Amino acid sequence: MKPRTSAGRLTSRSLVLHENVAAYLFLLPFLIFFVGFVLYPMFMCVYTSFFDATMGREDIFIAFANYKELFNDEVFWIALKNTLVIVLVSVPVTCAFSLWVASVISKMPIAATSVFRCIFYLPVVTGSVAVTMVWKWMFNNYYGIFNYLGQNMGLIDKPINWLGDTRYALGCIILILLTTSVGQPIVLYVSALDNVDKSLVEAAEVDGATPFQAFWKVKWPQMMPTTLYILVITTINSFQCFALIQLLTSGGPKNSTMTIMYYIYYNAFKLYRYGYGNAMGVILAIIIAILSAVQFRLGREK
Amino acid sequence: MKKILAIALALCMIFAQAVVVAPTAEAADGVTISLWTYPIGKWTDEATVKGFIEEFNAVHPEINVVVEYLDYTNGDDKVNTAIEGGNAPDIIMEGPERLIANWGAKGLMLDLADMVPEGTYEGVVSSCTNAEGAVYELPVCMTAHCMAINYEAFEAADALQYIFFFNHTATTENFFKAVQAVYDAGSPYVGTVYCGGQGGDQGTRALVTNLYGGTYANPEHTEYTYASEENAKALAALCAQDGITFDPSIVASDEIQNFVNGTFQMAFCWNATQEVNNADALTFDVFPMAFPAEDGVPSLQGGIWGYGIFDNKDEARAEAAKTFIKFLVDDDAEYAKVVEATNFQPVRDVEGVYEGNELMAEYALMNPMMGDYYQITKGWTQARTEWWNMLQRVGDSDGSAETILAELQTAQDAANAAAAAE
């Protein structure tokens, strides 16, 4: 007769093994997709960026030639500048506006909070094509509502070609991006504000803290993880702004709304320059990774 | 027991995915082929296409035809993704710029030279033939892209006096007089040089090259030639003309919409299909016109559409695809129906097409004015992009011929560099 302890150890080992097998089997479907649709394309993106790759012929190894060309490509720099403008404007504005709206609606009765949350979240769940088409109509040069209101209110003398004028086009894109970006941060901030430890806020108020001090010293640090998440997500979304450009301006007028994502698409899927498009994708990924790392670092320090 | 259930559940999830990625099984006793079609008349109307397939299946029940409908916004991406993934369709319905200059040039299409029906117009066949003599597109229909004016607006402005009614065109001088008259009569947007993207760019190309006899590419289709004094003069004249604007916020489909709803008094992207498709929305008479030329003899940009077969290295599918196409184009009666479904003109003389249809007879007047089919010049995709980007810059420039010529030269150099690289 085997000792009970030995038999018990064997049983628990086998249990652990079974549990591990089950756990890995549950993970397997996701892992298959993750490897097939994330890791493999990422690897191929980097790999192809060293080739002159196009449709219908073997790829030609050209080492860093795509990257060299990239740094001499005027449109790429314009696209990078436009992308950075979009990120630098939309990320802080989205965060600040969402926080302000969230702090206002979180003080309202529960029913009102829910209604406002739904209203602000609507553009997120509405199809981006539908939203963009509505905006396109509002910005229309000939019968758009902005020109109609502007002229009737005496703000403008003649119709402005909002999407066809280099002075306004990028601003219009950023405005649309903002309206579709604030929904999720608002919902997240409302939850974060609800989760703030009320006893700490009350203690600060008892100690004579002003509302601003109570927010800045007590609430804000507790909302930092949410803010960090919002910053990273909004930054990535802004960098990847594509549908708006594709549907509204095709990067024009005169490349004034050209973004890196659209330029990648144009090179890869219009000109079939897969290698060149991938080289741009690698650069974009590096920029996003660096910015995300900085944001995480700053967030952790805070 | 719970563990066994858990493992079984996990395995089910994996097998479910395996089913998703497993290729579709072929029909048990025959061949399944795919037909992908761009919106050419009613060729993206399910009932119409299904009708043709049912007729075909009555004769060839062993061939199953699966249809995918494309659009001009995402269609190319869809096809290219399929090609890259090794799932190219068997048959595709489109024009030579894609079938010959693009996929054909990349060696992806089958040569259909032996399938061209007798009597197909020589000019059409040559437009579907590459430099090596391979026919990658079996032509089905054609049209001469033209422009159109709002007849009533022109009549009200007393501008019809500048139009040649017998051949539906005008001289360059009279064209500008007509635009001025309509503008003076109170229409701020007579016509617009749309340049927001490549959609329908044949209209702006035809307008510019016809006004003072410019060209777009050389007759050999080896290089682009649009940086010329003639084209610069045409663009300068358009910039200076009251009532003509350059608009980078719209493409041809927007222009057509603005013409149909009466905002614009003329459309530079027009053909018979546009009039048929917009018949319900039009509240005025449309007068189709050939683009104005100095001598009154325009050279119109043609459109040819037909079938191409991708070389999928599968004999059975290729043969089935050829059988399907032959069924549609060889028999005159069937071919007449196929052409009528496109709303365009036939590419060979055939009885019974558009019989008694006055509208199509009116548009058929444009066919003899069809010019060189330069869309098969190498570097075409880049050349198109350069063109509408150039128009954006010209529209935002001082409008002088020198500046415009420099912009044309920049665009042409980039297009020719792309042509040389292919």
Side-chain angles (χ1 to χ4, degrees), chain A residues 14-15 17-19 21-33 36 52-57 75 129 136 139-144 158-169 172 246-258 265-274, chain B residues 2-18 21 73-74 76-77 80-81 83-84 102-108 188-189 192 194-199 245-251 254 257-258 261 263-264 379 381-382 384-385 388-389 391-393 395-396 418 421-422:
Chain A
S14 123
L15 266 174
L17 184 69
H18 276 110
E19 278 186 356
V21 169
Y24 282 117
L25 280 173
F26 272 111
L27 277 175
L28 201 56
F30 167 75
L31 282 176
I32 289 170
F33 271 89
D52 175 8
T54 188
M55 194 186 283
R57 68 156 162 75
V75 181
V129 175
K136 188 177 181 179
F139 282 127
N140 190 289
N141 185 19
Y142 307 98
Y143 43 79
K158 55 179 184 176
I160 292 175
N161 195 351
W162 298 101
L163 296 168
D165 191 318
T166 49
R167 289 170 296 174
Y168 307 112
C172 295
Q246 160 83 337
L247 292 166
L248 290 176
T249 63
S250 300
K254 292 165 73 183
N255 292 321
S256 63
T257 60
M258 181 66 78
Y265 163 79
Y266 170 69
N267 274 283
F269 298 106
K270 293 286 177 198
L271 302 181
Y272 313 120
R273 298 190 66 198
Y274 300 132
Chain B
K2 274 183 190 168
K3 295 275 179 322
I4 293 166
L5 270 174
I7 290 166
L9 187 59
L11 286 172
C12 283
M13 288 164 74
I14 294 164
F15 287 131
Q17 281 177 21
V21 295
T73 309
N74 300 312
D76 289 358
D77 296 348
N80 293 334
T81 306
I83 292 169
E84 283 299 301
N102 188 354
W103 301 314
K106 291 175 169 60
L108 302 169
Y189 310 112
T192 293
Y194 50 88
C195 44
Q198 71 179 35
T245 53
F246 284 65
D247 193 342
S249 73
I250 63 169
V251 291
D254 304 309
Q257 195 188 345
N258 280 322
N261 69 25
T263 306
F264 298 167
T381 310
Q382 180 94 35
R384 291 182 84 178
T385 309
W388 58 263
N389 273 300
L391 291 178
Q392 290 186 354
R393 296 195 296 273
D396 200 32
E422 272 188 14

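Only this structure's heavy atoms are used, side chains among them; waters, hydrogens and symmetry mates stay out. Lettering of chains follows the sequences in order, A, B, ..., and the numbering in each one begins at 1. Note that this is a predicted model, so its numbers are computed, not measured.
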Hey, what do you get for [atom1] ([X]) to [atom2] ([Y]), rounding to the nearest 0.5 Å?
X: B:Q382; Y: A:Y272; atom1: CD; atom2: OH; result: 12.5 Å
X: A:S256; Y: B:Q392; atom1: OG; atom2: CD; result: 8.0 Å
X: B:T81; Y: A:F269; atom1: OG1; atom2: CZ; result: 6.0 Å
X: A:K270; Y: B:T385; atom1: NZ; atom2: OG1; result: 8.0 Å
X: A:N255; Y: B:R393; atom1: CG; atom2: CZ; result: 8.0 Å

Original post:
Between B:P248 and A:G164, what is the shortest heavy-atom contact and its length?
Top reply: CG-O, 3.3 Å

Subject >> Proximal component of A:Y265, with respect to chain B [non-hydrogen, under 4.5 Å] >> reply: side chain

**OP:** Heavy-atom distances under 4.5 Å only: say whether A:Y274 touches chain B with side chain, backbone, both or neither.
**Re:** side chain

Subject >> Residue among B:F246, B:W388, B:F264 with most heavy-atom pairs under 4.5 Å to chain A >> reply: B:F264

Subject >> Residues A:Y142 and B:D247: side-chain donor-acceptor under 3.5 angstrom >> reply: yes

**OP:** Could you tell me which portion of B:N80 (side chain, backbone, both or neither) has an atom closer than 4.5 angstrom to a non-hydrogen atom of chain A?
**Re:** both

Subject >> Proximal component of B:E84, with respect to chain A [non-hydrogen, under 4.5 Å] >> reply: side chain

Original post:
More than 12 heavy atoms of other residues, nucleotides or ligands under 6.0 Å from OH of A:Y143: is that the case?
Top reply: yes

**OP:** Run through A:N161, A:N140, A:N141 and flag the one making a side chain to side chain donor-acceptor pair (under 3.5 Å) with B:S249.
**Re:** A:N161

